[in-house]
Amino acid sequence: MTDSETGEKPDGPKPVGFFDPALKDVRKQAVFKWARTVLMLCVFILAILSLYWAVQFTVDDKLNSLKVWVVNFDSAEDGPVGSAVVNLAEQIGAGGQSLGYTIKSPAEFDNDPASVIQAVYDEHCWAAIIVSADASRRLADAITNGNDSYSPTDAAQFVIVQARDQTTFSSYITPAFNAFELQLRAQFGPEWVRNLTQLSVDLSSAPPQAINPAISFNTLDLRPFAPAAATPSVTIGLIYLIIIAFFNFPFIMPVHGLFLRGDRPLKIPQWLIWRVCSSIAAYFFLSLFYSIVSLAFQIPFSNDPAPDTVSAENPNAYGKGSFVVFWMLNWVGMAALGFPCENMAMVLGFPYSSLFLIFWVITNVSSGFYALDLAPGFFQWGRAWPLHRIVEALRTILFGTHSRIGLDFGILFAWIAVSLAFFPVASFIMRWKMKRGI
């Protein structure tokens, strides 16, 4: 009796061992595809991850790109204080692999120290060293007249804006300034005491601080980086902005598919408009809740702005409206990051769209989280990458740093415009691949 007569189902293909001769061709095909896939992934890893390592590869050689202006306002003729600071800056600068110490004349700033401070805030340089006016005269007066109110830190000043890039300042500029001050005191102190003894000055009435250390620095940080909870908002937390934007596509795509089923599918042009509008609306709400996380952890969003040349902690650029601007930036930024992900997901399909996500994260992190002044020249394209503009604008909103927010938003809108122009093409490619089962 046949299987049909007995009602029993025929047995399926009989399994065989891996090395069975019947699997000879299958083994060859599987090994070839495995090797090709692994080779492709290896090349991808080497090419893309190299971008992340390369952005920090030339830091030591490019430290002089971090320009530090040294301005000597010491009015005394060849005053020892101003001369010592300038000479040390020239000495260190000539040694290589140091900050880019550049001597500037007070005349370039109309003999106004406030103009130097403004230049630092406006990011014409990374930092400045200002020797105070009459620094040498006040030091000499403290010795001869026994001025107990003399403070060595009034002699000179470091001017920085830590919130511009807290990593660069903590890793390179602040340690270099600490070393500069120690070296200056090591050089100036013995010479200063030697001069006093040679002049037979009566030191019994001189204030001790005018003898040692005699001169020191105070630090003017125009925009300190605080609180610590703000760190994710301008660094690692932004990676999740990319990831959320990326995964919006696979979660929402089944919803889009509803309009193409049944006997009366939606017209393709209107389907594309629906997809774009629904994605923008999704980014609107996703960016809101992403922004609320920062608000929930008490990052300040309602402080008043502060003058450029005055040190202030968390002066929000837009006062009580700063959270709304913060949200709008995250919304536009998520769209600028998300629409390229949607396009490439449609063009590449799974799993290759995951490789694009890795590429997109690494290129944006490399250009957004590290000072491009320290990176090889190749990375200058990063100034036009979305995350670089988002980070720069966020620092303006949260810390009141020098604003280029118009340019930042403009570049983000340009990314959105280009992505939307390519959107119909990507959709056509996706539908073409689906029809052919690719």
Main-chain N/O of [Y] paired with [X] side-chain donor or acceptor, under 3.5 Å:
X      : Y      : answer
Asn87  : Ser83  : yes
Asn72  : Val131 : no
Asn64  : Gly93  : no
Gln209 : Asp148 : yes
Trp192 : Pro80  : no
Lys67  : Thr102 : no
Thr58  : Leu374 : yes

Practice problem: Start with the C-alpha gap between Leu66 and Ile173, add the side-chain angles, then the distance that decides, and say whether side chain to side chain contact (heavy atoms under 4.5 Å, CB included) holds. | Solution: CA-CA 8 Å; Leu66 302 178; Ile173 296 178; 4.2 Å; yes
When you check the side-chain N and O atoms of [X] and [Y], is any donor under 3.5 Å from an acceptor?
X      : Y      : answer
Trp126 : Asp165 : no
Tyr290 : Tyr283 : no
Ser132 : Asp154 : no
Ser403 : Thr396 : no
His256 : Trp271 : no
Ser149 : Asn147 : yes

Taking side chain as C-beta onward, heavy atoms only, is [X] less than 4.5 Å from [Y]?
X      : Y      : result
Val193 : Asn212 : no
Ile130 : Ile117 : yes
Ile397 : Leu329 : yes
Leu184 : Phe217 : yes
Gln187 : Gln91  : yes
Leu286 : Met334 : yes
Trp69  : Glu108 : no
Phe369 : Ile239 : yes

Quiz item: Stepwise, does the side chain to side chain contact (heavy atoms under 4.5 Å, CB included) test hold for Ser98 with Leu63?
Solution: CA-CA 6 Å; Ser98 67; Leu63 280 176; 5.9 Å; no
Parallel, tilted or perpendicular, as decided by the 30° and 60° cut-offs, for the rings of [Y] and [X]:
X      : Y      : value
Phe399 : Phe225 : tilted
Tyr121 : His402 : perpendicular
Phe378 : Trp381 : perpendicular
Phe251 : Phe247 : perpendicular
Phe177 : Phe158 : parallel

Self-check item: Candidate pair Arg404 and Glu392, rule side chain to side chain contact (heavy atoms under 4.5 Å, CB included), full reasoning
Solution: CA-CA 8 Å; Arg404 297 187 186 89; Glu392 185 172 274; 3.4 Å; yes
Quiz item: Under 6.0 Å from the CZ atom of Phe422, do we count more than 12 heavy atoms belonging to anything else shown?
Solution: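 Above 12, so yes.
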Nearest heavy-atom neighbours spanning [X] and [Y]:
X      : Y      : result
Ala155 : Ser216 : CB-O, 4.0 Å
Trp327 : Ser287 : NE1-OG, 3.2 Å
Pro254 : Pro250 : CD-O, 3.3 Å
Leu372 : Arg383 : CD1-CG, 3.6 Å
Phe180 : Leu88  : O-CD2, 3.5 Å
Asn330 : Ser291 : ND2-OG, 2.9 Å

Quiz item: Among all residues two or more places apart in sequence or in another chain, which pass the side chain to side chain donor-acceptor pair (under 3.5 Å) test with Ser105?
Solution: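 Side chain to side chain donor-acceptor pair (under 3.5 Å) list for Ser105, sorted by chain: empty.
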Quiz item: Are Arg164 and Asp122 ion-paired here, with the side-chain N under 4.0 Å from a carboxylate O?
Solution: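 Asp122 and Arg164: not salt-bridged.
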Quiz item: Does the distance from a Lys or Arg side-chain N to an Asp or Glu carboxylate O, for Arg275 and Glu342, drop under 4.0 Å?
Solution: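 Looking at Arg275 and Glu342, the cut-off is met.
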Quiz prompt | Full working for side chain to side chain contact (heavy atoms under 4.5 Å, CB included) between Gln157 and Ile129 | solution = CA-CA 6 Å; Gln157 185 175 60; Ile129 298 176; over 6 Å; no
Quiz item: With ring centroids as reference points, do Phe44 and Phe359 lie under 6.0 angstrom apart?
Solution: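 Not under 6.0 Å, so no.
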